[in-house]
Number of protein chains: 2
Amino acid sequence: MPAGLDRDAVERLDAAIHLRLRVKRKDTLYRPGDRFTALYAIRLGTFKTVALAEDGLEQITGYHLPGDVIGADGFGDERHTSQAVALEDSEVCVLPYNQLDRLSATVPELRHNLFRLASRDLCRDHAMMLTLGSRSAEARLTLFLLDLAERFRTRGYSAREFVLRMTREEIASYLGLKLETVSRLFSRFHREGLIRVDGREVRILDRTALEQLVDAALH
Amino acid sequence: MPAGLDRDAVERLDAAIHLRLRVKRKDTLYRPGDRFTALYAIRLGTFKTVALAEDGLEQITGYHLPGDVIGADGFGDERHTSQAVALEDSEVCVLPYNQLDRLSATVPELRHNLFRLASRDLCRDHAMMLTLGSRSAEARLTLFLLDLAERFRTRGYSAREFVLRMTREEIASYLGLKLETVSRLFSRFHREGLIRVDGREVRILDRTALEQLVDAALH
DNA sequence: CGCGAGCTTGATGCCGATCAATGCATGTGG
DNA sequence: CCACATGCATTGATCGGCATCAAGCTCGCG
């Protein structure tokens with residue numbers, strides 16, 4: 001968020017962030033209908049965001065790691081439409097919207113960053129729509145693993161070995177599959193030497209083969 | 001876009017819109033890699049936006065009617081990531097981003113509208129992800145028809161009778177299905193008296209039954 | 001007229017859902 | 001400390017929805 005801001009602007013942004021919030025595992029940061037007041041920058045931990053339809057159907061629409069900013073869905077109608085839940089004990093910075101807005105009048109870079117945030121989310125969602133609409137279960141899980149790996153890498157963690165913070169069922173929900181399918185695919189990938197899985201610990205053994213899997217499965 | 005702006009602001013916004021663009025059927029407004037310079041407000045016609053993956057896979061991620069603003073995907077990395085194609089001879093207003101940005105420094109309402117735009121798109125995409133990931137073909141097509149109907153209604157057109165501007169294949173792509181499936185469903189809905197279809201002309205005969213179809217099919 | 005784009009309809013097959021059983025931690029109360 | 005429950009994961013057997021393959025139709029157009 002502060003990328004490109006001069007020192008004065010950063011200080012004023014800091015001043016606006018008067019609140020850090022601890023969110024315990026399974027606790028909700030916001031839920032549909034909650035008044036939109038702020039964006040939340042994740043400092044520590046992992047969140048899932050869940051879309052809920054009027055008829056009770058729900059699906060996880062995103063996983064969010066430290067550095068991600070969530071909550072932008074709420075601005076459209078002043079209320080959040082999705083739910084954000086911590087997958088582990090976490091901590092966020094509260095970025096009150098009225099302060100961001102006031103600052104963004106005088107700090108062009110901040111304005112850009114806010115827009116860039118939303119724009120990137122849009123692109124990510126479009127990629128996900130393509131995945132959900134057109135790819136096989138195999139390709140979906142592969143892309144999920146590679147995406148996670150890449151995001152860990154940019155955050156300075158290992159891209160080859162990591163711990164999933166979500167259950168099989170949550171992975172399945174995100175990928176539009178059933179948990180049994182996810183479990184079977186993990187087992188198969190393991191059997192084929194592509195990854196090593198032990199519960200939620202994953203180690204990527206053959207990234208190239210995984211990448212080829214995605215392309216190959218253009219059914 | 002001009003919602004909530006005072007007269008002076010509207011005039012300045014008008015001044016910034018020096019360009020109207022005609023886009024003929026099948027012509028592309030922007031494509032992946034194009035430098036992001038502007039948003040486009042549709043004045044007349046219909047557009048589809050298409051997501052393209054590196055491996056060649058593609059999927060339609062949205063249909064856009066007059067009043068919609070498209071192009072926000074391009075801001076994330078200064079380049080568009082998707083493609084926008086006119087489904088019929090159309091006309092757009094070009095909203096140069098640097099002008100919007102300059103104006104939005106002094107016109108808070110414009111800032112809000114820009115953000116609201118992106119936020120609503122995000123919510124729409126999340127709803128679509130849920131549909132693609134969790135709903136049956138039947139429910140997907142029903143939601144598509146009801147969504148279109150609603151959007152025509154808010155634009156002053158009939159919600160009961162309209163002409164589809166896209167092919168069966170394009171509908172299928174948007175819904176993550178195959179064109180044969182879409183065709184079969186249209187035929188079935190027709191047979192069951194829910195709609196009347198003749199080529200691309202659609203008339204909704206029993207909206208209530210359609211709405212119940214969506215809920216019922218919570219497989 | 002012939003041609004191609006778009007649509008419909010039928011027959012068949014496969015991927016992933018569903019149903020079901022088991023295993024294995026972790027936690028909890030007697 | 002044990003008995004039992006609960007949440008999560010794995011694996012197998014079977015089923016069904018949608019894809020695939022294929023044929024034929026209609027309509028607009030050069």
Side-chain angles (χ1 to χ4, degrees), chain A residues 25-26 48 57-60 85 87-88 130-145 163-192 195-202 213-214 216-219, chain B residues 25-26 48 57 59-60 85 87-89 130-145 163-192 195-202 213-214 216-219:
Chain A
R25 190 170 119 83
K26 301 205 175 189
K48 64 175 175 183
L57 211 52
E58 59 181 78
Q59 176 160 336
I60 294 173
V85 181
L87 294 180
E88 57 187 320
L130 194 154
T131 296
L132 290 170
S134 308
R135 293 192 191 277
S136 67
E138 175 181 286
R140 291 185 210 183
L141 186 60
T142 305
L143 283 171
F144 172 71
L145 289 174
V163 176
L164 301 171
R165 299 264 94 110
M166 63 293 283
T167 67
R168 298 289 189 264
E169 184 164 23
E170 285 169 331
I171 297 172
S173 167
Y174 179 59
L175 299 176
L177 302 170
K178 289 291 154 179
L179 71 102
E180 294 95 326
T181 303
V182 171
S183 180
R184 273 185 245 274
L185 284 170
F186 270 136
S187 300
R188 209 187 87 206
F189 287 174
H190 186 129
R191 214 161 43 235
E192 292 170 350
I195 60 176
R196 216 175 51 67
V197 213
D198 179 20
R200 301 200 184 168
E201 285 170 39
V202 175
L213 251 192
V214 178
L218 293 182
H219 62 139
Chain B
R25 189 170 120 82
K26 300 204 175 189
K48 65 174 174 182
L57 212 51
Q59 176 160 338
I60 294 173
V85 181
L87 294 180
E88 58 187 319
D89 292 353
L130 194 154
T131 296
L132 290 170
S134 308
R135 293 192 191 276
S136 66
E138 174 182 287
R140 290 184 211 182
L141 186 61
T142 305
L143 283 171
F144 171 72
L145 290 174
V163 175
L164 301 171
R165 299 264 92 112
M166 63 293 284
T167 68
R168 299 288 189 265
E169 185 165 22
E170 284 168 331
I171 297 171
S173 167
Y174 179 60
L175 299 176
L177 302 169
K178 289 291 153 181
L179 71 101
E180 295 95 326
T181 303
V182 170
S183 179
R184 274 185 246 274
L185 284 170
F186 271 135
S187 302
R188 209 187 88 207
F189 287 174
H190 187 130
R191 215 159 45 233
E192 292 171 350
I195 60 176
R196 217 174 51 66
V197 212
D198 179 20
R200 300 200 184 168
E201 285 171 39
V202 175
L213 252 193
V214 177
L218 293 183
H219 63 140

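Order of the sequence lines fixes the chain letters, A, B, ..., with proteins taken first and strands second; residue numbering starts at 1 for each chain. Heavy atoms only: backbone and side chains are in, while hydrogens, waters and symmetry mates are out.
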Notebook entry, point to check: Within a radius of less than 6.0 Å around CZ of A:Arg25, do more than 12 heavy atoms belonging to other residues, nucleotides or ligands occur?
Noted result: no

Next item on the list: Test for a donor-acceptor pair under 3.5 Å between the base of C:dC19 and the side chain of A:Glu180, counting only N and O atoms.
Entry: yes

Distance in angstrom units between [X] [atom1] and [N] [atom2], rounded:
X: A:Arg135; N: D:dA19; atom1: CZ; atom2: P; result: 16 Å
X: A:Glu169; N: D:dT6; atom1: CD; atom2: P; result: 17 Å
X: B:Arg165; N: C:dG6; atom1: CZ; atom2: C1'; result: 16 Å
X: B:Leu141; N: C:dT8; atom1: CG; atom2: P; result: 11 Å
X: A:Glu138; N: C:dC14; atom1: CD; atom2: P; result: 16 Å
X: A:Leu179; N: D:dT11; atom1: CG; atom2: C1'; result: 12 Å
X: B:Lys178; N: C:dG6; atom1: NZ; atom2: P; result: 16 Å
X: B:Arg25; N: D:dG28; atom1: CZ; atom2: C1'; result: 11 Å

Note to self: Using heavy-atom distances to pick each residue's nearest nucleotide on DNA chain C, tell me which of B:Val197 and A:Leu177 is more 5'.
What the structure shows: B:Val197

Notebook entry, point to check: Hey, is the main chain of A:Ile60 close enough, under 3.5 Å, to the side chain of A:Ser173 for a donor-acceptor pair?
Noted result: yes

Item checked: Contacting residues from residues 182-189 of chain B, given that a heavy atom lies under 4.0 angstrom of DNA chain C -> B:Ser183, B:Arg184, B:Ser187

Under the side-chain hydrogen bond (donor to acceptor under 3.5 Å, both in side chains) test, which residues partner [X], sequence neighbours left out?
X: B:Arg165; answer: B:Glu88
X: A:Glu180; answer: none
X: B:Arg188; answer: B:Glu138, B:Glu192

Notebook entry, point to check: A:Thr167 side chain: which of C:dG16, C:dT8, D:dA9 is closest?
Noted result: D:dA9

Check: Of all the nucleotides listed (C:dA17, D:dA9, C:dG6), which has the minimum atom distance to the side chain of B:Lys26?
Finding: C:dG6

Next item on the list: Give the intermediate values and the outcome of side chain to side chain contact (heavy atoms under 4.5 Å, CB included) for residues A:Leu143 and A:Arg140.
Entry: CA-CA 5 Å; A:Leu143 283 171; A:Arg140 291 185 210 183; 6.0 Å; no

Next item on the list: Take A:Leu145 and A:Phe186 through the side chain to side chain contact (heavy atoms under 4.5 Å, CB included) test and state the conclusion after the steps.
Entry: CA-CA 11 Å; A:Leu145 289 174; A:Phe186 270 136; 4.1 Å; yes

Margin query: Over all strands shown, is B:Arg200 touching base, sugar-phosphate only, or nothing at heavy-atom distances under 4.0 angstrom?
Written below: sugar-phosphate

Next item on the list: Check step by step if side chain to side chain contact (heavy atoms under 4.5 Å, CB included) holds for B:Gln59 and A:Thr131.
Entry: CA-CA 9 Å; B:Gln59 176 160 338; A:Thr131 296; over 6 Å; no

Note to self: List the residues meeting salt bridge (charged side-chain N to carboxylate O under 4.0 Å, His left out) with A:Glu169, not counting sequence neighbours, and say none if there are none.
What the structure shows: none

Checklist line | Helix axis bend for the helix from C:dC1-D:dG30 to C:dG30-D:dC1 - C1'-based end axes, five pairs, 10° rounding | finding: 30°

